[in-house]
Structures are given as structure tokens and as C-alpha cells.
Amino acid sequence: MANLFQSVRGFNDVLPADSAAWQQLYRIAGEVFAAYGYGEIKLPLLEHTGLFKRSIGEVTDIVEKEMFTFTDREGDSLTLRPEGTASCVRAGLEHGLLHNQQQRLWYAGPMFRHERPQAGRYRQFHQFGVEAYGMTGPDIDAEVIALSARLLKRLGLTDVTLELNSLGGSEVRKRYREALLEFLLRHESSLDADSQRRVRSNPLRVLDSKSETTQALLADAPSIQDAFDDAARAHFDGLQQALSDLGLAYRLNNRLVRGIDYYTSTVFEWTTTQLGAQGTVLAGGRYDGLVEQLGGSATPAVGWACGIERLLLLQKALGVEIDSSAADVYFCWLGEAAQREARKLAEQLRDMVPGLRIVLHADGGKLAAQLKRANRSGAAVALILGDTEVEARTVQVKSLRADAAGASAQQILPWPELAALLAGLVK
RNA sequence: GUGGGCGUAGCUCAGUUGGUUAGAGUCCCAGAUUGUGAUUCUGGUUGUCGGGGGUUCGAGUCCCCUCGCUCACCCCA
């Protein structure tokens, strides 16, 4: 109990029992990204603090109170990345990937936010993200959303809803913000305490307040659609048309705003009710101003990120089957001579049958104890090699699963025939 | 950062108005079976009762402080 050391709060270990689910998730995600022609970009975990302040927004909660920031030995302020988009844009600019070009990129890895941990929220958590640059039309918005839908579907995640909104573009957003602010200031005293605090710092955030009285008040608030110009309307209509063409159901939610400043037009979220308070599983939108804001030429961009732990939690809640990572074969041996042969045979089998998973028993012990371990290992088959078998150059092949009705539970096989038989166990 | 719940064996938990050496199940180990698992039977190991202090003849139990976990708020993936 009273261990000398514990992991840092909110920083979790993933144990072997869970890592199979992680590996399967990464494999499937990689396949889906490849299916749309997206290339992986590997980004550092640490960036200059200013990058995040400038991109996410000085007055957002992420920047104000959630970043892991420290001063290094040279006096520079560095921050463990709280999200991936800022790094992606920085890298794209640094390596000339964005100027007058189109890019389809994805990334994966840990992100860090100094929040109080709770279900589905950790201080080190992991995200997949997708970013597309240099394309202005709603077709690319539809593409990244279709990609996300395919990913969720491939992962067996059914109980999710796509919510959609548009902030209309940076001009529209700015104009709407002023109209909304004016409305909110008129009713400031009727707002809940959290919303009152947000009115001046980030008025759009008041829209998705959880307070019922605030929501009731907002019924009379100006609607963002009313602030749309022709271009904004055409873009949003085009996106909805594309989603309908693909048969992707969505729910319009004009209260949907994202907490990060750089979103300008399309915003969307996949949500679930299965995960307690953390209902957002994947979210993103269009951020046409960010590249320029970080020093590049004006470049349209759209992307999303998903929380890997939340996907895994949802898989678990929905009872999604995970591939077994158990061994196929457990190799038992009795005596020193047999151990030496078993060691060589196991290596030969690994050469001859790629993908075969063999556990070679270690540390001796009686056969009953070895078979007990074999059974617990999850292996389908136990191999048994003793002096008798070494002499005859054979091995006992014992089935550990009763499901194959009629199949002989145990047989004796000459060494040369072993590989062919065990090849049948590889999935 | 704010609030609620919870910390007893590797795991899941019981532990009476404070009372002697802190328990069960499971897991693990050994034997029954000196070369056959998963079933059965027998035996065995496992504890700074989260940590520190206090009250008391006596504290797992009461009080104070503290740490951790967890859920929710805030916020977000």
C-alpha cells in the first residue's frame, strides 16, 4: 500500500491487460488515415510557451490555468503541449509544408493539461488528430468528418451523435460576438455565476452553459445564423449537402462553440451519453486564421482531434471485442537435455512460422506446474518435451481448449511436422 | 481551483457501543498425482489497517492534520 513512489497524479500506466486494446486502436486508426491519403507527422511534446498562448488564446482556460509550463536551464519558458494543432501548424510553417500547398496530415500522441482528473479526463491523455491545409471549400470539411465517422465505426463505436454548427468565418464571428456581448451585458445580472465570469473573457462560451436559467435566457439571444454573410451561408449549406450525400446523420446545434479561440467557421463534435460528464469523444472545426496568426501566409485549414482514452472507455462501455494478445503456444520441458532442445526448437519455430507467439517455459518445475502456467497464459496449445521425446525426436502436442469437439486432445508429432501444425494457430 | 464519496492482504471486501494474537473469498505456493492444466481435496504464505499526531489502561474503530484515489463542478478530447 504505502509504496515508496507513485506515479504523478493524472499520469497513468497502461498495463498489459489493456495494451492490446491500445494497439488495436492505433492499427485501425492508421488504416483509416491511410485510406484517405493522410500522412503522419510526428511532433515534439515540448514547445515554446508562446506558441500555445498565441494559437489557443491568452484568455482560454487551457492557457490560463491548465498548461504544464516550466523554465529550462537556459531560462526559456517551455510547455508540454496541451493539444496538437498548434505544433502541427508550427512544424508545417517551419518546413515549408503549407505555402501554396495542400496537405493532409495526421498525428498521435500524449497531450498534457493540468486539470483535476476525473472519469475520461487525465493530465496526460492521448489524442489522434487530423489536419488538412490549403483547401477552402466545404468538401474538405466533409472529408475530415467522413474520416472521423469511418474511424468511429471501424472501432465499433455506435452510440455517438454528430453535432454541427458554424461560426460563419472570422468576420462573422467577430460581428456576432459583439451582438451577443451586447445582449449578455443587458442581462448580466440574470446569468449564473460562471457565465457572468465568461461574458467579458469569452462570451461565445456562455452559449453552451449547463445552467438551465441561463439557457432559458439565451432563447432570446441573437442567433449566429442571422449574422451569416452569403459566403458563410453557402459554405455551411455545402457542408450539409455533402454530409447528406454521404448518408451521415448530424444534429444542428447552434449553441455549439469550441473552447479554443482559433476556430472560425465549421465546428463539430461527436458526443456520447455513455461516459458520464465527459461526453465529447472527437471534436474539431475550421481554423482559417491560425496559420497567418502564427506567421505564415493566409492558409485555410480544418481538422479535429479525438481523445484515445475516451474511445477506449466507450469501447469498453459498449462491450466491443478486443483482439487477444495471448500466446498461441506454451512450450514445457523436463530436464536439462530437453530444455536445450526446446530452446533451439522454439527459435526454429519462430523462424519458420512468422507471427506465431511462443512462450518458452523458464525456471523448471514439475510438469503439472508448467501446464498450469500454460493454461493461464491463454495459449491454445502446450508442447511437452521430455527425455523420451528428445530420444525419439518428437514432441507431445496438447490442446488446452476443449472447444474443438472430436479433435484429439493430445498427439505425438515428429519435430519436422511441428511448424506446419502450429502455423494453423496464427491469426 | 471548488465540492461529495472512499483508503484494511496482490485483487474484491467484512471487521459489533473502542477490548486480547485483524478476518473471509480470490490469487499464489506445496502435496494428494516423483510426466499432464482448467474440476476436487488437504495444508501453507501474504498486512507499517494510506501517513503523522492526539484522546484512552487499550484505537482498524473516536478527534485533528496530511497524502492518495474517485466522482462531479469548472473546462475540455
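What you see is a predicted model, and the numbers here were worked out from it, not measured in a lab. Letters A, B, ... are given to chains in the order of the sequence lines, protein chains preceding strands, and every chain is numbered from 1.
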Under the side-chain hydrogen bond (donor to acceptor under 3.5 Å, both in side chains) test, which residues partner [X], sequence neighbours left out?
X         : value
Asn165(A) : none
Thr280(A) : Glu269(A)
Glu347(A) : Arg350(A)

Would you say the side chain of Glu389(A) and the base of G35(B) hold a donor-acceptor pair, judged only by whether the two atoms sit under 3.5 Å apart? yes
With a 3.5 Å cut-off and heavy atoms only, can you find an N or O donor on one side and an acceptor on the other between the side chain of Gln370(A) and the base of U36(B)? no
May I ask you to say what [X] touches in the nucleic acid, namely base, sugar-phosphate or nothing, with a heavy-atom cut-off under 4.0 Å?
X         : result
Ile384(A) : base
Ala374(A) : nothing
Thr60(A)  : nothing

Under 4.5 Å between any side-chain heavy atoms of Leu164(A) and Arg251(A), yes or no? no
Modelled atom types, side-chain donor and acceptor of Gln278(A) and Arg310(A), under 3.5 Å: yes
Using only heavy-atom distances, determine whether the side chains of Gln196(A) and Glu188(A) contain a donor-acceptor pair under 3.5 Å. no
The side chain of [X] lies closest to which of these nucleotides: [options]?
X         : options                : result
Asn375(A) : A72(B), G37(B), U36(B) : G37(B)
Lys65(A)  : C73(B), G35(B), C74(B) : C74(B)
Lys372(A) : G37(B), U36(B), C74(B) : G37(B)
Asp194(A) : G35(B), C74(B), G68(B) : C74(B)

Using the [atom1] atom on both, measure [N] against [M] and round to a whole Å.
N      : M      : atom1 : result
U21(B) : U2(B)  : C1'   : 45 Å
A30(B) : A14(B) : P     : 32 Å
A22(B) : C49(B) : C1'   : 8 Å
C62(B) : U56(B) : C1'   : 10 Å
A59(B) : G3(B)  : C1'   : 30 Å
G7(B)  : G50(B) : P     : 9 Å
U46(B) : A9(B)  : C1'   : 6 Å
U12(B) : G54(B) : P     : 32 Å

Check the distance between [N]'s [atom2] and [X]'s [atom1] and give it to me in whole angstrom.
X         : N      : atom1 : atom2 : value
Leu383(A) : G35(B) : CG    : C1'   : 15 Å
Arg376(A) : G10(B) : CZ    : P     : 18 Å
Leu15(A)  : C11(B) : CG    : P     : 12 Å
Leu334(A) : U33(B) : CG    : P     : 19 Å
Glu66(A)  : C73(B) : CD    : P     : 14 Å
Asn12(A)  : U70(B) : CG    : C1'   : 12 Å
Ile62(A)  : G1(B)  : CD1   : P     : 18 Å
Leu371(A) : U36(B) : CG    : P     : 9 Å

Parallel, tilted or perpendicular, as decided by the 30° and 60° cut-offs, for the rings of His126(A) and Trp22(A): perpendicular
Can you label the angle between the Phe68(A) ring and the Phe11(A) ring as parallel, tilted or perpendicular, going by 30° and 60°? perpendicular
Identify, residue by residue, the members of residues 115-123 of chain A with a heavy atom below 4.0 Å from RNA chain B, and return them in order of residue number, or none. Glu115(A), Arg116(A), Gln118(A), Ala119(A), Gly120(A), Arg121(A), Tyr122(A)
Could you tell me whether the phosphate oxygens of C29(B), OP1 or OP2, come under 4.0 Å of any side-chain nitrogen or oxygen in Arg373(A)? yes
Between Lys366(A) and U33(B), is there a contact of a side-chain N or O with OP1 or OP2 at under 4.0 Å? no
Pairing pattern in dot-bracket form [Watson-Crick, G-U; both distances under 3.5 Å; | = partner strand] for RNA chain B: (((((((..((((.....[...)))).(((((.......))))).....(((((..]....))))))))))))....
Solution key, residues 322-330 of chain A side-chain donor-acceptor pairs under 3.5 Å, sequence neighbours excluded:
unit_1    : atom_1 : unit_2    : atom_2 : d
Asp323(A) : OD2    : Arg27(A)  : NH2    : 3.2
Ser324(A) : OG     : Ala326(A) : N      : 2.9
Asp328(A) : OD1    : Lys427(A) : NZ     : 3.2
Asp328(A) : OD2    : Arg357(A) : N      : 2.8
Tyr330(A) : OH     : His361(A) : ND1    : 2.8

5′-ward residue of the pair Ser209(A)/Arg9(A) relative to RNA chain B: Arg9(A)
Are [X] and [Y] an aromatic pair by the rule of ring centers under 6.0 Å?
X         : Y         : answer
Tyr250(A) : Phe268(A) : no
Trp106(A) : Tyr38(A)  : no
Tyr122(A) : Phe112(A) : no

